[in-house]
Amino acid sequence: MTTQHRATSTKFPGHQKHAFVTPPELRGTANRYPVVIVGAGPVGLATAACLARFGIETVVIEKNRSAGEGSRAICLSRRSLEILDWIGVADPFVAKGLGWRRGRTFYRDQQIHELCMPHSEAEKFLPMTNLQQYYMEEFLAQHCAKQPLVDLRWGTTLVDLLREPDETTAMVATPEGTYRLRGSYLVATDGARSQVRKLLGLSFAGTSFSGRYLIADIRLHSSYPTERRAWFDPPSNPGSTVLMHKQPEDIWRIDYQLHEQDDEGVELRPQSVHARVQRHLDFIGERADWDVIWTSIYRARALALESYVHGRVVFAGDAAHLVPIFGVRGLNSGFADAHNLAWKLAWVLHGNAHGSLLRTYAWERRAATLEIHRQTEKTTRFMTPRTRGDVLMRNAALSLAVDHEFVRPLVDPRQSVPYTYRDSELNSFGNRASAENTEEFRNGPPLGAPLRNLRVRRGPKSGHLLDWLGTGFVGVFFILGEFASDDRSLLAELRRNCRLRLLLVTDARLDVTLEEHAERLIILEDVTGVAGQFYDAVTGTLYLARPDGHVCARWKRVVAAELVSAMRIACAA
Ligand SMILES: Cc1cc2nc3c(=O)[nH]c(=O)nc-3n(C[C@H](O)[C@H](O)[C@H](O)COP(=O)(O)OP(=O)(O)OC[C@H]3O[C@@H](n4cnc5c(N)ncnc54)[C@H](O)[C@@H]3O)c2cc1C
């Protein structure tokens, strides 16, 4: 949670006011909606957009009349962009954002580590993209406003909640009076101070760290490339840690750690911020004029609810969990919540799965949070060591890293990576007892991991594998090199027995004629020739992916009957 302070009168785009529109309930019509979403932050909006793509109608209520205020998330992971792309909203994020893959770590005035996140020409998006959260929210809000299935209601505050076995009723306050909003499910995406959480009497458990960071967004014209830089004990800020990120429109984020004795009120004063930032800019050789546009104080917290599902109320994003910002996982994991939750809610509401499928949302996403907590607790202690012992240990590691290669990865603030639902009950192993004991794959996305993107061509159309995911289960089937008659029979059997979309990935050398079949059989040519390597695939290999693109079963050579049962297991049937 942060204490925020706008340093200048700079207008954030999110400050554009949206109109309050009188809802049908205030005109005397009482509807019941499949899903009511509380909070139009990025996670609430992404959840509504995902549900719309799955054909589910939502009402989203937002107490404010604008999308977002202030400066928060800036680093979007490749996986988040893939989710946004599936929603159909990634283009403005990519057009406006700054992609990057490099990070540098310095100890005092020496570079001790250079991180280069894995990337390949076959991928659609760079590992990270920097974009101000208020743009992300505005792009999502604009997208939702165009969706007939999303009813976005600004200036509408949840004040109370009634829960019944088969529905929830939100009591909401608006400028024109209060009304009741009924929904089969209520998704709470109302942020760190969630009103829904309070109304249900739930509280977070976990760790709050004492270290504080001053977060300053400044306007500075600099030609330095988009990279993440982290300094430990720099001459500009001795004993402290400083992080620096470039954002679009010549905005730079500078985060610096405050010392225990520092007074927040004093540190937030413009002259204090100016002095500290100027020292750092001098140190790194930035000479241009600059001005502060936003400052806030941040304290890292690793907190989560015990469960994200409470009857027909489901929590997502910051309402469900808080993670330290080091490693940029808060919003990125919120987008993963939205995608995971949306397909499961859609399956339940369409009558394709039992309500118990939602339990797996809670289990999978909480496991993801706990993993992030484990990782970021280590990073947070490294970034803001609490005791003298911690400081000594950290400085010893940093000193060693100056000369020793093997220590360098340890001193890097790790970046967000997508979580693998390795132990999910939705995974299946065919006739094998577990993922490990007969795993024939040497690489490729393991069970629970998202599918890997790949440049492909469908007839004359170029694109990427994930462009053709659709809105259901998908089988990614490979024909690489050989396509013998028994392979042809296998494909025919899959098409006869399995009701799912097959993405047939072939290589350019294949000399056989295959015919597409409406949207059920899509033929994609691997243009960069990496399918075999990315998926450790041969002819007959199949990856079964859930509607959120996570692998739930895979076979080096698929068995049609096992595929059918894997799909049943993946719906928690
Ligand atoms: C300084 C900082 C830097 C960060 N950097 C990163 C980063 O680089 N990458 C990353 O992934 N994450 C980052 N995060 C985390 C990220 O900002 C959050 O995880 C993200 O905002 C969570 O989104 P949300 O939609 O869950 O909640 P919020 O963004 O808090 O949205 C909640 C919404 O609910 C509305 N609301 C609240 N109560 C009610 C009510 N009673 N009725 C109706 N509406 C209500 C609010 O007005 C708000 O619009 C950062 C956070 C901070 C503070």
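Note that ligands are numbered from 1 as they come in the structure, with each ligand's atoms numbered from 1 the same way.
Both the sub-6.0 Å distance and the 45° axial angle are not jointly satisfied by Arg301 relative to the ring of Phe204.
In terms of polar-atom proximity, defined here as any N/O pair under 3.5 Å, Tyr298 makes no such contact with ligand 1. Checking only distances, Ala319 never comes within under 3.5 Å of ligand 1, N or O to N or O. Backbone and side-chain nitrogen or oxygen atoms of Cys75 are examined, and one is located within less than 3.5 angstrom of a nitrogen or oxygen of ligand 1. Note: no N/O pair closer than 3.5 Å links Arg253 and ligand 1 by distance alone. Any N or O atom pair closer than 3.5 Å counts here, and Leu331 shares at least one such pair with ligand 1. On a distance-only criterion, Arg72 and ligand 1 share at least one N/O pair closer than 3.5 Å. Taking any N or O of Ser296, backbone or side chain, none lies under 3.5 Å from an N or O belonging to ligand 1. Remark: ligand 1 and Gln133 share an N or O pair separated by less than 3.5 Å (distance only, no angle test).
Note on Glu138 versus Lys96: no salt bridge recorded, every NZ/NE/NH1/NH2 to OD/OE distance being 4.0 Å or above. Between Glu371 and Arg422 there is no salt bridge, since none of the side-chain N atoms of the basic residue sits less than 4.0 Å from a carboxylate O of the acidic one.
At a 4.0 Å heavy-atom cut-off, ligand 1 touches Thr156 through the backbone alone. For Asn64, every heavy-atom contact with ligand 1 shorter than 4.0 Å involves the side chain, none the backbone. When heavy-atom distances to ligand 1 are checked against a 4.0 Å cut-off, Arg329 comes that close only through its backbone atoms N, CA, C and O. Of all the heavy atoms of Thr189, the ones lying under 4.0 Å from any atom of ligand 1 belong exclusively to the backbone. With a 4.0 Å cut-off on non-hydrogen atoms, Gln195 touches ligand 1 through its side chain and not its backbone.
Closest heavy-atom approach to atom 23 (O) of ligand 1 among the candidates Ala188, Gly334, Pro42: Pro42. In this structure, of Ala73, Ala300, Ser71, the residue bringing a heavy atom nearest to atom 6 (C) of ligand 1 is Ala73.
For Glu82, the side chain to side chain contact (heavy atoms under 4.5 Å, CB included) criterion is met by Arg78, Arg79, Glu123, Phe125, Asn453, Leu466, not counting sequence neighbours.
Atom numbering of ligand 1 starts at 1 in the shown order; those under 4.0 Å from a heavy atom of Gly191 are 27 (O), 30 (O), 32 (C). For ligand 1, the atoms lying closer than 4.0 Å to a non-hydrogen atom of Ile215 are 1 (C). Residue Val43 has at least one heavy-atom neighbour below 4.0 Å for each of these atoms of ligand 1: 23 (O), 24 (P), 25 (O), 26 (O). Each of the atoms 26 (O) of ligand 1 lies under 4.0 Å from some heavy atom of Gly317.
With a 6.0 Å radius and a threshold of 12 heavy atoms from other residues, nucleotides or ligands, Glu164 has its CD atom above the threshold.
Aromatic rings from Tyr256 and His280 are positioned such that their centres are separated by 6.0 Å or more.
Ring geometry for His310 versus Phe315: interplanar angle over 60°, hence perpendicular rather than tilted (30 to 60°).
With hydrogens and angles left out, the side-chain atoms of Glu227 and Tyr224 include a donor and acceptor closer than 3.5 Å. Side-chain polar atoms of Gln247 and Tyr135 form no donor-acceptor pair below 3.5 angstrom.
Of the inter-residue distances, the one linking Phe139 atom CZ with Leu45 atom CG reads 13.0 Å to the nearest 0.5 angstrom.
Within the structure, side chain to side chain donor-acceptor pair (under 3.5 Å) contacts touching residues 32-54 (residues at least two apart or in different chains) are Glu25-Tyr33, Asn31-Tyr33, Arg32-Glu167, Arg32-Ser184, Tyr33-Arg153.
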Quick one: do Arg72 and Glu137 satisfy salt bridge (Lys or Arg N to Asp or Glu O under 4.0 Å)? Show the steps, please.
CA-CA 11 Å; Arg72 294 170 76 189; Glu137 293 184 26; 5.0 Å; no
